[in-house]
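One structure is given below, encoded as structure tokens.
Count residues from 1 along the sequence. One-based numbering, in listed order, for ligands and for the atoms of each.
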Amino acid sequence: MTRVHPGPRDAGPIKTYLDCDTGIDDAMALLYLHHRPEVDLLGVGTVSGNVTSAQAARNTLALLELVGSSTPVAVGERDPLAQAFAGGAPSVHGRAGTGNVQLPPSARLPHELDAPDLLIRLAREHPGALRVIATGPLTNLAVALRREPELPGLVAEVTIMGGAALAPGNITPAAEANIAGDPEAAAAVFAADWPLTMVGLDVTMQHRLTEEHRGKLLTGEHEPARVIGQMLDRYLDFYVGIFGVRGCALHDPLAAAIGVGLVVPSLAPTVRVEVDTTTGPGRGGTVADLRGQYVDYPAQEGANCRVVLAVDDAFADDLVATLLQIPGAG
Ligand code: RIB
Ligand code: CA
């Protein structure tokens with residue numbers, strides 16, 4: 001089964017659903033998608049990962065309040081399919097998932113549907129047009145597939161921030177955090193018959209936001225950029241242990257930009273990818289069949305995923321420029 005990515009998009013803003021575990025890089029992806037005129041962010045679902053799905057929803061509602069958005073936010077699955085929730089990543093994103101920043105809570109409540117049902121509703125309302133972007137563990141997408149087996153035929157394409165093809169993992173030597181957060185769910189997403197793009201650590205660790213970028217956000221004209229700059233302080237502290245300097249990987253915003261076609265990868269072969277769901281040291285790993293790399297990746301039987309290996313654009317500068325433009329609601 002080799003799925004071909006849809007061609008040039010139809011006219012009009014891209015209808016988009018974001019599934020996230022709003023943490024700090026998710027927050028940047030959220031505001032980027034909210035602000036870009038090429039994107040119509042129809043709904044957001046939250047999943048446990050950096051924080052619980054309920055906390056991620058509070059964070060997402062608070063961020064959307066900051067920019068005056070009424071995009072619906074639905075709370076998704078709290079627990080992974082086949083393992084206990086690992087408790088979040090407070091050392092990376094802060095206890096609440098917003099670094100050291102206390103966001104003013106939104107008055108808005110989450111949507112009455114849960115995240116999988118919101119995704120299914122949007123896919124049915126926009127058959128063949130909805131682009132799904134996932135920047136957390138894939139539990140909601142897997143549950144949505146169970147509830148609506150026709151979902152792959154309703155969705156235009158799926159882009160995930162997750163996995164690592166040639167790069168090492170970040171939560172274990174083999175596994176990237178979003179896949180490791182729910183390997184069984186990830187396996188279901190990779191097995192489904194929809195056009196899938198994996199934006200993994202191979203490329204996200206190469207695109208970094210620096211202290212200089214953060215300084216521009218902190219002194220931005222509008223409040224949203226300043227708040228993101230404040231949230232990034234703790235995130236850059238964490239990354240000193242990874243990169244040796246205060247600079248962070250742009251995991252989720254890069255995946256979001258690729259998912260809506262605003263960043264085009266320079267190398268992204270479509271190959272077979274399998275998720276390791278064993279209980280061994282490889283659990284949560286994404287095993288990509290890149291053996292064709294020596295002959296420019298010929299078409300591969302059973303290929304199920306476009307794996308992004310390189311992006312030439314200087315994305316960090318574009319991201320910061322976009323974030324600086326976002327007006328606050330006040
Ligand atoms: O491995 C990085 C991913 O895990 C990012 O999406 C980050 O927000 C966390 O969810
Ligand atoms: Ca995330």
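Between the side chains of Thr322 and Arg36, at least one donor N or O sits under 3.5 Å from an acceptor N or O. Defined by atom type and a distance below 3.5 Å, a donor-acceptor pair is present between the side-chain atoms of Ser266 and Asp312.
Each of the following atoms of ligand 1 lies closer than 4.0 Å to a heavy atom of Ala177: 1 (O), 4 (O). Which parts of ligand 1 touch Asp26 is read off a 4.0 Å heavy-atom cut-off, strictly below it: atoms 8 (O). Close contacts of ligand 1 with Thr135, meaning ligand atoms under 4.0 Å from a residue heavy atom, involve 6 (O), 10 (O). Distances below 4.0 Å separate heavy atoms of Asn178 from the following atoms of ligand 1: 3 (C), 4 (O), 5 (C), 6 (O), 9 (C), 10 (O). Close contacts of ligand 1 with Glu176, meaning ligand atoms under 4.0 Å from a residue heavy atom, involve 1 (O), 2 (C), 3 (C), 4 (O). Atoms of ligand 1 found under 4.0 Å from any heavy atom of His251, numbered from 1 in the order shown, are 2 (C). Heavy-atom contacts of Met161 reach the following atoms of ligand 1: 2 (C), 3 (C), 5 (C), 6 (O) (cutoff under 4.0 Å).
With respect to Glu212 and Arg246, no salt bridge is recorded, no charged nitrogen being found less than 4.0 Å from a carboxylate O. The pair Glu148-Arg124 counts as a salt bridge, with a side-chain nitrogen and a carboxylate oxygen less than 4.0 angstrom apart.
Taking the six-membered ring for Trp and thresholds of 30 and 60 degrees, His207 and Phe315 have ring planes more than 60 degrees apart, a perpendicular arrangement.
Rounding to 10°, one obtains 70° for the angle at the Ca ion (ligand 2) between OD1 (Asp21) and OD2 (Asp26).
Here Asn50 has side-chain heavy atoms under 4.0 Å from ligand 1, and that is the only part of it that gets that close. Contacts between Asn170 and ligand 1, counted as non-hydrogen atom pairs separated by less than 4.0 Å, involve the side chain only.
Using a distance-only test at 3.5 Å, with no hydrogens or angles considered, a donor-acceptor pair links the side chain of Arg108 to the main chain of Thr71. The main-chain N or O of Asp26 is found under 3.5 Å from a side-chain atom of Asp252 such that the two form a donor-acceptor pair. Not one N or O on the side chain of Asn100 forms a donor-acceptor pair closer than 3.5 Å with the backbone of Gln230. The backbone N or O of Glu221 lies less than 3.5 Å from a partner atom in the side chain of Arg226, making a donor-acceptor pair.
The shortest side-chain heavy-atom distance between Tyr32 and Leu262 falls under the 4.5 Å cut-off.
The protein heavy atom nearest to atom 6 (O) of ligand 1 is Asp252 OD1, 2.5 Å.
Nearest residue to atom 7 (C) of ligand 1 from Asp21, Asp25, Ile179 is Asp25 (criterion: closest heavy atom).
Inclusion of Asp25 in the first shell of the Ca ion (ligand 2) is not supported: no N, O or S atom falls under 3.0 Å. The nearest N, O or S atom of Thr135 is closer to the Ca ion (ligand 2) than 3.0 Å.
Looking at Asp252 and the Ca ion (ligand 2) together, the shortest N, O or S contact belongs to OD2.
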